[in-house]
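Okay, so here's the structure we're looking at.
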2 protein chains.
Amino acid sequence: MAGIAGSDKPNIRQVADIAGVSHMTVSRVLNNYPNIRESTRTRVLEVIEELNYRPNSAARALASQRSRRIGVIVDSSSENGPASTLRSVELAARQAGYSVSSIALGSDVMSPQEALEHLTALGIDALCVIAPRSSSVSTLRTLAIGVPVLVIKADRDPTFLTVAVDQQQGTRLAVDHLASLGHRDVLHVAGPLDWLDARARERAFHSRARSWGIHERAIVIGDWTADFGYDFARTLTTLPDYTAMFVANDEMAFGVIHGLHENGFSVPRDISIVGFDDLAVSRHFLPPLTTVRQDFAALGERVVEALRAAVEGNEVPQRTAIPAELLVRQSTGPPRTT
Amino acid sequence: MAGIAGSDKPNIRQVADIAGVSHMTVSRVLNNYPNIRESTRTRVLEVIEELNYRPNSAARALASQRSRRIGVIVDSSSENGPASTLRSVELAARQAGYSVSSIALGSDVMSPQEALEHLTALGIDALCVIAPRSSSVSTLRTLAIGVPVLVIKADRDPTFLTVAVDQQQGTRLAVDHLASLGHRDVLHVAGPLDWLDARARERAFHSRARSWGIHERAIVIGDWTADFGYDFARTLTTLPDYTAMFVANDEMAFGVIHGLHENGFSVPRDISIVGFDDLAVSRHFLPPLTTVRQDFAALGERVVEALRAAVEGNEVPQRTAIPAELLVRQSTGPPRTT
DNA sequence: AGTTGTCGGCCTTGTTACGCT
DNA sequence: AAGCGTAACAAGGCCGACAAC
């Protein structure tokens, strides 16, 4: 088309013809087989460069029965955690030569089964499940999948590989921070308890609170949204008997602070607040939010490492925990002295 | 393997054998060809159901030279706008029977060329470019791509299809709001001007400000981050001679409010702030942020509609603009009277 | 007689082109 | 002409055969 003949996409045999070898030699060069003479390899690579040849991934997937694709099922992809995790998985996957196809569950009309259908129809070598509710995990447990499955969750699992940020340790950081400021009456605003992360934080909160002798009380169960936090805080018409809150994510924490403020209370003077996530805006909230940061980039890398090992038949780390980090800002202070 | 013979994935010929037809008939049933007797179609569909047969997408892509995949290049995928757009494109694509492969530009070591390389190596039927800088668009303009390309940007383009939220109209809403509150001295805090959206908002701001007789002044050019907004606001040790700011995105607006607050100024009493995006937390910021909302869901649908039409050879809408919406909250009020 | 390097043929699964009733 | 079939093809990978050193 462009004057020069053969501007169509070259295939492996054209490369072979020009290099004066068989198509299999080209294939071996491409796949780094050992038994190729150096001069042959160079010649082939030159022709590949010259023609700007790129192997056709569909043909490759068909012949090798390997798609080099990782399927990702992501629950509530609009939440910060899941979204960040997904992006980090995508990045790590690409760097490992894999592509990613993701399907969002949650608000869509999309069950785990359907999502899995879509992905297996696409042809995936491995499956990663992000930020799942326990119900999603249960469903997946009943399904025959045929490829390695990794679930991003904190607890060890008999069926799946797991990788996660250490929710327990992150929660400990938060509770220890409050306790060392002197708080002995702390409310936990949890996420929906069918979410594994929410459950893990809730359990860890109770356990750590107990060991500090923090007054045990009923927790509040939210839905991750700032709206919930706001509505809840607006119900507090008088100062409650606790002096701090450990809120399961930053968004709810924002809502809580907003609601408290509208009711005439001040953070941290009247109540201290610790969040979880460290959103980009958290340090610019009024007041800047003390929160627990999760290293999603590391998470994505561990995920891809593990799945890749599983796919390629190498030694697989059965479970990986990534440490969390506490960022102390201005939403926490000593308890009020009334 | 599992006792029953043939627990492996069935292929089209096995379906054909059991249904007593040729594999071509099965193919025709799958692709809704017209000339198939109803009874044959039913029989084939029954066998497909029974075997739980799913066509192999790699084989399909190889034979048909169509991957039913849309490649997406997304600039700064961590920003809210791009991220939301990407998710909406993914959703719309899946509903249209397409899959999506996305590559993030920006902080990564990844040029538009490389991204395009990756995607074309994967085999895509169409390309969508999200939230691009003008430099990315220029680069792409020089590249022969071979598939329909849609760029999400506000201006018409000779080379590419375009779809976008109407930045000009959205900006008008913001400026009109401030003007009708009485503001005649407004500062624009822009995004990086090599970003098409930032540039569009800046142009629209100037044009609309002029028609209201708003005092012309140098704009401030930021980088979309809350950190920038904060640093800028901290430089304002005394009240400036303007009474309102139109900030090009909510994140910077958060930073600005934070910085103003630390300098002892109050929003909106001393200065009114309008943002752009409507993040989930914007309504819970202190004060809740007046902002311009973009309908990303509609955006994704239009994108996929247009690309699909282009791929399948139907009538293509060359350019689509989606209206924006102003949300008036509490970060804006009448100008201070000093 | 072994290694090392290369070749041709057949395989993957579905679609396109054409042809026969 | 509606309804279906056969052959060729898409772009690679696997494997046995065989030549060269």
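Letters go in sequence order (proteins before strands), and every chain restarts at 1. Note that the structure is predicted; figures quoted are calculated from it, not measured.
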Enumerate the residues from [range] whose closest heavy atom to DNA chain D is under 4.0 Å, giving them by residue number; use none for an empty result.
| range | value |
| --- | --- |
| residues 24-37 of chain B | B:Met24, B:Thr25, B:Arg28, B:Asn35, B:Ile36, B:Arg37 |
| residues 43-56 of chain B | none |
| residues 58-68 of chain A | A:Ala59, A:Arg60, A:Ala63 |

[Y] side chain reached by [X] side chain, heavy atoms, under 4.5 Å:
| X | Y | result |
| --- | --- | --- |
| B:Thr25 | B:Ile36 | yes |
| B:Val26 | B:Leu30 | yes |
| B:Leu307 | B:Tyr98 | no |

May I have the list of side-chain donor-acceptor pairs in residues 121-130 of chain A shorter than 3.5 Å, sequence neighbours left out?
unit_1   : atom_1 : unit_2  : atom_2 : d
A:Asp125 : OD1    : A:Ser67 : N      : 3.0
A:Asp125 : OD1    : A:Ser67 : OG     : 3.2
A:Asp125 : OD2    : A:Ser67 : N      : 3.3
A:Asp125 : OD2    : A:Arg68 : N      : 2.7

Terminal contacting nucleotides, 5' and 3', DNA chain D versus chain A (heavy atom, 4.0 Å):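 For DNA chain D, the relevant span reads D:dA11 to D:dC15.
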Ignoring hydrogens and angles, tell me if any N or O in the side chain of [X] forms a donor-acceptor pair with the backbone of [Y] under 3.5 Å.
| X | Y | answer |
| --- | --- | --- |
| A:Asn11 | A:Gln14 | yes |
| B:Arg13 | B:His23 | no |
| A:Arg43 | A:Ala19 | yes |
| B:Asp75 | B:Arg133 | yes |

Please list, one pair per line, the donor and acceptor atoms closer than 3.5 Å that link side chains of residues 142-156 of chain A to other protein atoms, with sequence neighbours excluded.
unit_1   : atom_1 : unit_2   : atom_2 : d
A:Thr142 : OG1    : A:Thr139 : O      : 2.6
A:Lys153 : NZ     : A:Asp157 : OD2    : 3.2

Heavy-atom closest contact (A:Phe160 atom, A:Val137 atom, distance):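 Result for this residue pair: CE1-CG1, 3.8 Å.
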Heavy-atom pair of closest approach, residues A:Ala115 and A:Ile73: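 That closest heavy-atom pairing would be CB-CD1, 4.0 Å.
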Contacts of [X] that satisfy salt bridge (Lys or Arg N to Asp or Glu O under 4.0 Å) - sequence neighbours left out:
| X | value |
| --- | --- |
| A:Arg308 | A:Glu312 |
| B:Glu117 | A:Arg54 |
| B:Glu301 | none |
| A:Arg41 | A:Glu38 |

Sugar-phosphate, base or nothing in reach of B:Gly123, heavy atoms under 4.0 Å: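 Touches nothing.
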Side-chain ion pair, B:Glu90 and B:Arg87, N-O less than 4.0 Å: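 No, this pair does not count.
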Note: A:Glu305-A:Arg302 ion pair, threshold 4.0 Å (strictly below):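 Salt bridge: yes.
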For chain A, the stretch of DNA chain C it reaches, first to last nucleotide, under 4.0 Å of its heavy atoms: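 Taking any atom under 4.0 Å from a heavy atom of chain A, the span is C:dG5 to C:dT13.
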Net bend of the helix from C:dG2-D:dC21 to C:dT21-D:dA2, end axes of five pairs each, nearest 10 degrees: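 Overall, the helix from C:dG2-D:dC21 to C:dT21-D:dA2 bends by 40° from one end axis to the other.
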